[in-house]
Amino acid sequence: MIPGSFAYHRPTSVNEAVAMLGDLGEDARPIAGGHSLIPMMKLRLAAPSHLVDLGGLADLKGIREDGGDIVIGAMTTQHEVIGSDLLAAKIPILRETALLIADPQVRYLGTLGGNVANGDPGNDMPAVMMCLTASYQIAGKSGERRAAARDFYQGAYFTSLEPGEIVTAIRIPTPPVGHGAAYEKLKRKVGDYATAAAAVVLTMKGGKVASCSIGLTNVAETPLWAEEAAKILTGSSLDAATVKNAVAAAEAITHPATDARGPAAYRTKMAGVMLTRALARAQQNASA
Ligand SMILES: Cc1cc2nc3c(=O)[nH]c(=O)nc-3n(C[C@H](O)[C@H](O)[C@H](O)COP(=O)(O)OP(=O)(O)OC[C@H]3O[C@@H](n4cnc5c(N)ncnc54)[C@H](O)[C@@H]3O)c2cc1C
């Protein structure tokens, strides 16, 4: 289908973008890679009167270290995430996850900022960001603020972003050297959104789990941080009985929709299967 008509704006600084969004009001939307927003506009599920293109904002590009954090500009594409040597060395789960998003065409234009700001429960990066204790740097007309990924998602396509605010960067505390991580995603075919997916980041000490964090994708209206499941695993050697208990705790917080990807009960079970696989692979990746 053809989208409704809209006016196109291309600011050249964050201040200009924020002022523009503030002036244009709630009928204006930022556009980044356009690979979620334009399909929504074509389906007439979104009909903004103004699109404010973030593509001209050089400040929103780049991946850098800042003290103990890694900061990724919101307009960094998924392709650039995959190609980053810094991320491959320090937070390899990001590359692994980005490679499971859509296809190369989408990843050349789709941005990390768009992926985390979109609020679609099918987006893969939000659960990974929750798992990594990431926060989002946000600019708006009343200044700058930070929001923890774990507090950001409030419902399907509903986040803590206020109208006129933009995510400028994603800030991730660098996981310790020797951590293990994995993202396991079940999809019906290459390029599909997850039927269910699980992210795990853990550290091991003396054969036991010293710390553990778990995120789940597309098994609720928001990405999920499976805090109780991670607590069950902490201190264990990831023996089969403890993993089974943790998986049951993770499954218990899911409430997926029944849709073309399968009935709710199946998707819940698949979240458990993905979590079991991600735990095993994260353990293999971790230094004991
Ligand atoms: C065929 C296909 C398959 C796909 N499969 C997957 C998949 O498997 N997994 C997955 O995670 N994604 C998938 N996607 C979505 C893709 O990853 C999108 O690129 C991503 O969701 C949005 O990023 P974008 O830069 O394209 O954002 P846009 O489409 O430009 O924007 C998306 C939304 O976020 C807002 N927004 C964008 N940037 C910002 C910002 N910096 N601050 C505030 N708001 C902002 C926009 O206003 C809009 O509401 C798929 C897309 C397609 C077309």
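We count ligands from 1, going down the list as the structure has it; atoms in each ligand are counted the same way. All of these numbers come straight from a predicted model, not from anything done at the bench.
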S.K.: Aromatic rings His50 and His9: how do their planes relate, parallel, tilted or perpendicular, breaks at 30° and 60°?
M.R.: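 Ring orientation of His50 relative to His9: tilted.
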
S.K.: Counting only heavy atoms closer than 4.0 Å, does ligand 1 sit against the backbone of Gln78, its side chain, both, or neither?
M.R.: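 Near ligand 1, Gln78 shows its side chain, while the N, CA, C and O stay back.
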
S.K.: Counting from 1, what ligand 1 atoms have a heavy atom of Val106 closer than 4.0 Å?
M.R.: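 Numbered from 1, ligand 1 contributes 2 (C), 16 (C), 51 (C), 52 (C), 53 (C).
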
S.K.: What atoms of ligand 1 come closer than 4.0 angstrom to any heavy atom of Gly110?
M.R.: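 What qualifies from ligand 1 is 19 (O), 25 (O), 26 (O).
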
S.K.: Only heavy atoms of Ala117, strictly under 4.0 Å: list the atoms of ligand 1 that pass.
M.R.: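 This gives 43 (C), 44 (N), 45 (C) as the contact atoms.
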
S.K.: Which of these, Tyr136, Tyr193, Tyr157, has its nearest heavy atom closest to atom 50 (C) of ligand 1?
M.R.: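 When every heavy atom of Tyr136, Tyr193, Tyr157 is considered, Tyr193 comes closest to atom 50 (C) of ligand 1.
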
S.K.: For Tyr136 and Phe152, take the angle between the two ring planes, folded into 0 to 90°, and tell me which bin it lands in: parallel under 30, tilted 30 to 60, perpendicular over 60.
M.R.: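 If you compare the ring of Tyr136 with that of Phe152, the planes turn out perpendicular.
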
S.K.: Walk me through whether Lys61 and Thr77 qualify under side chain to side chain contact (heavy atoms under 4.5 Å, CB included).
M.R.: CA-CA 9 Å; Lys61 293 291 274 187; Thr77 64; 4.3 Å; yes

S.K.: Answer side chain, backbone, both or neither: which part of Lys185 comes under 4.0 Å from ligand 1, heavy atoms only.
M.R.: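 The answer is the side chain of Lys185.
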
S.K.: Return the residue, atom name and 0.1 Å-rounded distance of the protein heavy atom closest to atom 43 (C) of ligand 1.
M.R.: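 Among all protein heavy atoms, the one nearest atom 43 (C) of ligand 1 is Val167 N, 3.5 Å.
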
S.K.: Any atoms of ligand 1 less than 4.0 Å from a non-hydrogen atom of Asp192? List them with their elements.
M.R.: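 So the answer, numbered in order with elements, is 8 (O).
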
S.K.: Looking only at distances, please establish whether an N/O atom of ligand 1 is found under 3.5 Å from an N/O atom of Glu165.
M.R.: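 Min N/O separation from ligand 1 is not below 3.5 Å for Glu165.
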
S.K.: Kindly confirm or rule out an N or O of Leu37 lying under 3.5 angstrom from an N or O of ligand 1.
M.R.: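 There is such a contact, yes.
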
S.K.: Looking at Gly33, which atoms of ligand 1 are within less than 4.0 Å of one of its heavy atoms?
M.R.: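 Checking each atom against Gly33, I get 24 (P), 25 (O), 26 (O), 27 (O), 30 (O).
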
S.K.: Consider only side-chain N and O atoms of Tyr183 and Thr217, and report whether a donor and an acceptor are under 3.5 Å apart.
M.R.: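 Side-chain D/A pair, Tyr183 to Thr217: present.
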
S.K.: Which of these, Ala46, Ala28, Ala102, has its nearest heavy atom closest to atom 4 (C) of ligand 1?
M.R.: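 Answer by nearest heavy atom: Ala102.
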
S.K.: Please list, in number order, the atoms of ligand 1 under 4.0 Å from a heavy atom of Gly191.
M.R.: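 The atoms of ligand 1 under 4.0 Å from a heavy atom of Gly191 are 3 (C), 5 (N).
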
S.K.: Given that the side chain starts at C-beta and the backbone is N, CA, C, O, which of these parts of Leu161 lies under 4.0 Å from ligand 1, counting heavy atoms, or is it both or neither?
M.R.: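 Near ligand 1, Leu161 shows its side chain, while the N, CA, C and O stay back.
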
S.K.: Where the side chain of Asp66 meets the backbone of Val71, is there a donor-acceptor pair that is under 3.5 Å apart?
M.R.: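 Checked: no pair found.
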
S.K.: Can you list the ligand 1 atoms lying under 4.0 Å from a non-hydrogen atom of Ile166?
M.R.: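 Once the distances to Ile166 are compared, the set is 42 (N), 43 (C).
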
S.K.: Mind listing the closest non-hydrogen atom pair of Tyr193 and Gly122 along with its distance?
M.R.: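 That would be CD2-O, 3.4 Å.
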
S.K.: How would you list, by chain and number, every residue that makes a salt bridge (charged side-chain N to carboxylate O under 4.0 Å, His left out) with Asp23, sequence neighbours excluded?
M.R.: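 Once residues adjacent in sequence are excluded, Asp23 has no partner under the salt bridge (charged side-chain N to carboxylate O under 4.0 Å, His left out) criterion.
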
S.K.: Between Thr258 and Ala264, is there a donor-acceptor pair closer than 3.5 Å when you use the side chain of the first and the backbone of the second?
M.R.: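 Between the backbone of Ala264 and the side chain of Thr258 there is a qualifying donor-acceptor contact (under 3.5 Å).
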
S.K.: Return yes if some donor-acceptor pair links the side-chain N/O of Arg267 with the main-chain N/O of Ala257 below 3.5 Å, else return no.
M.R.: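 Flag set: sc Arg267 to bb Ala257 pair under 3.5 Å.
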
S.K.: Considering only the protein, which heavy-atom contact is closest to atom 26 (O) of ligand 1, and what is its distance?
M.R.: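 For atom 26 (O) of ligand 1, the nearest protein heavy atom comes out as His35 N, 2.8 Å.
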
S.K.: Tell me if the CZ atom of Arg277 is crowded by more than 12 foreign heavy atoms within 6.0 Å.
M.R.: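 Open.
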
S.K.: By the definition side chain to side chain donor-acceptor pair (under 3.5 Å), identify the one residue from Asn123, Thr111, Thr159 that meets it with Asn118.
M.R.: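 Running side chain to side chain donor-acceptor pair (under 3.5 Å) over Asn123, Thr111, Thr159 with Asn118 returns exactly one hit, Asn123.
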
S.K.: Any atoms of ligand 1 less than 4.0 Å from a non-hydrogen atom of Pro30? List them with their elements.
M.R.: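 Listed by number with element: 44 (N), 46 (C), 47 (O).
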
S.K.: Is the shortest side-chain N to carboxylate O distance from Arg145 to Glu165 below 4.0 Å?
M.R.: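 Yes, Arg145 and Glu165 are salt-bridged.
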
S.K.: Which option wins on minimum heavy-atom distance to atom 30 (O) of ligand 1: Gly113, Ala17, Ala32?
M.R.: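 It is Ala32 whose heavy atom sits nearest to atom 30 (O) of ligand 1.
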
S.K.: Quick check: Ile38 and ligand 1, any N/O pair under 3.5 Å apart?
M.R.: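 No, there is no polar N/O contact under 3.5 Å.
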
S.K.: Looking only at distances, please establish whether an N/O atom of ligand 1 is found under 3.5 Å from an N/O atom of Ile31.
M.R.: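 N/O-N/O distance under 3.5 Å: no.
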
